[in-house]
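Reviewing the structure listed below.
What you see is a predicted model, and the numbers here were worked out from it, not measured in a lab. Just so we're on the same page: letters track the sequence lines, and every chain starts at 1.
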Amino acid sequence: MRSDYCGTLRSEHIGKTVSLYGWIDGWRDHGGVIFLDLRDYTGVVQIVSDPQRTPESYHLASSLRNEYVVRVEGRVSARPEHSLNPRLSTGTVEVYADTLEVLNRAETPPFAISKDEEVDEKLRLKFRYLDLRRGRMQKLLRLRHWVMQIVRRHLDERGFTEIETPVLVKSTPEGARDYLVPSRVNPGDWFALPQSPQLFKQLLMVAGFDRYYQIARCFRDEDLRADRQPEFTQLDIEMSFLSMEEIIALNEGLVAAILQETMGLELSLPLRRLTYAEAMVRYGSDKPDTRFGLELVEVSEVFRESSFQVLSGAVAAGGKVVCLPVPGAEGITNTRVKPGGDLFEFVTQFGARGLLFARVREGGQVDTIGAFSKSLTPEIAAGMIEKTGAQPGHLLLFGAGDGTAVPTVLNYLGRLRLKMGEELGLIDPNRHNLLWVTDFPMFEWNAEEKRLEALHHPFTAPRPEDEHDLKTARALAYDIIWNGVEVGGGSLRIYRRALQERVFETIGLTEEEARAKFGFLLDAFEYGTPPHGGIAYGFDRFVMLIAGEQSIREVIAFPKTQRAQDLMLGAPSAVADRQLKELNVRSTLLPKPQG
RNA sequence: GGCCCCGUAGCUCAAUUGGUUAGAGCGCCGCCCUGUCACGGCGGAGGUUGACGGUUCGAGCCCGUUCGGGGUCGCCA
């Protein structure tokens, strides 16, 4: 029976006979005395085996190797004065091993468990159980657990009920690609795995639970990224009879509690807010990183009368000319900004047709090249400097487009802003900046499908004053942004059937389609639905940011690779024909050619 | 689907313009060592340079294809 954990032994235990279990973390055989490091999840303690004092264990001790699982029984002793180890929490004591028992031997692991060195990620994933044994991953997963506990405690204290919702659900038309599961009992029919518990949580409000939350697994069959896994975890919350302000305040309290406990970070509440329109205009993003300036400036008026058609033409066509003023940019060469340069190519991939630039010299003179240069009058130059507040050393980067291209222009300048901020070292990694973005438009034009599309989701309520014209209405929606990362988003929901039907209509969903897909929701709305709203956090992302990690894979116990495979399981994999037959499923894939 | 980076010993990496038998540290194995904690000393084993093809007198290095990992654009309401 275990009496103590390795990492908990202190001077006060001296003289105690203890029974410890753990893994061999390292050993030092001096030919006479043998030192073993014994590790469990609490830490490491030094075990001593000495032919005089512990003759029974000595022979066995010399055969122990890294990662052997052992039981040690012995006396906790004070270390000799000269061999205290201040780097170890147990460094004032050691345990003389009267009895040693090997519970299991271990192969030499493919990478060191006790060292915190970088290891190739595919190797880590293949041997994830060994990777997770390392201190770093133990710490990260315990942090994740800790955050979960804070969430549960905080919400429980405020009257929330944690309710599980199904994982086998119905495929929905909007949104990401679904993971599908064939139904054996209903030949030809399919379940979908949930992209989020959205509809269920609204129905729980209809059911009168008043306040719900769930730490829910969600599934989206889209391409992976550092912050996107095919299955991920949402902290899903929904509340009845609360205003947007009350919901936001409650969430600020939750987030502040988490950051205070785990990071010791004191948020100043209420958090800053930006409207969607303001965020786009000033930062070129609906999730702005406001840890640094470099704000975009609209300079349309400066160029309205310019002889340079690219700019004046854009303004005339109802568009905009937007400037990204970059201070201290002497080091950024023209080559990088001109066609073929890396910065030019960078904006091109976001749809830029070009990238104009000018430089402000000592004395306020404005320099540029080509046709832009020829069109530059003293008035325009002065206007540029005045509007942007540019100083000598500024590089002015311009984007322009007609009315429909404005979002594209703002987007690529916003991306460039981030890149420049990073490159110029304007982002203080120790600074944390949280804010809300509100007043999103209800809908966004989908050029491919030639129809309006819900920006958030089709159950989001419009601002009451905008209800008369849904197409241009702003939504009662809010995203919470942390250092330029969207960690959560939510909205007030539509709770009256007539308005919900109008929204479906606006996104081109016919009554039959709406009925087929969401009939249960529309029906539910007929039976006394309370006003309600909520939020969903990307839980993995949130923990990742708390941990200061660059990838959510670091805070997920068993993540998948970019090709959505589990290297340890070897999943996904082929299944037996019999299984497919049972499910009434046949592959359309041609057999792979042999040899 | 596109673009970019990477793949050399168990691990982390090196290898000049294409040039002898592909090296180092750690780990592993053996021997020695009674106070180490990155123990130390001596010795040893360990390589299809991801794979296939090409260029060349000669390829880890150049070219093509392919597999795998990562980043990113599209995609992700």
What orientation do Phe518(A) and Phe504(A) show, parallel under 30°, tilted 30 to 60°, or perpendicular over 60°?
->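 Parallel.
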
Angle class for the His457(A)/Phe459(A) ring planes (parallel below 30°, perpendicular above 60°, tilted otherwise)?
->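 Aromatic pair His457(A)/Phe459(A) classed tilted.
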
Would you check, one step at a time, whether the test side-chain hydrogen bond (donor to acceptor under 3.5 Å, both in side chains) holds for Thr275(A) with Thr438(A)?
-> CA-CA 5 Å; Thr275(A) 65; Thr438(A) 63; 5.9 Å; no

Closer than 4.0 Å, any side-chain N/O of Arg225(A) to the OP1 or OP2 of C75(B)?
->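 The answer is no; no side-chain N or O of Arg225(A) sits under 4.0 Å from OP1 or OP2.
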
Can you find a side chain N or O atom of Arg28(A) that sits less than 4.0 Å from OP1 or OP2 on U36(B)?
->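 So the side chain of Arg28(A) is outside the cut-off, no N or O lying under 4.0 Å from OP1 or OP2 of U36(B).
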
Which part of the nucleic acid, if any, lies within contact of [X], taking any heavy atom under 4.0 Å across all strands shown: a base, the sugar-phosphate backbone alone, or nothing?
X	result
Arg87(A)	sugar-phosphate
Ala112(A)	nothing
Pro110(A)	sugar-phosphate

With a 3.5 Å cut-off and just heavy-atom distances, do the side chain of [X] and the base of [N] make a donor-acceptor pair?
X	N	answer
Arg65(A)	G27(B)	no
Asn66(A)	G27(B)	no
Glu117(A)	G27(B)	no
Asn85(A)	C37(B)	yes

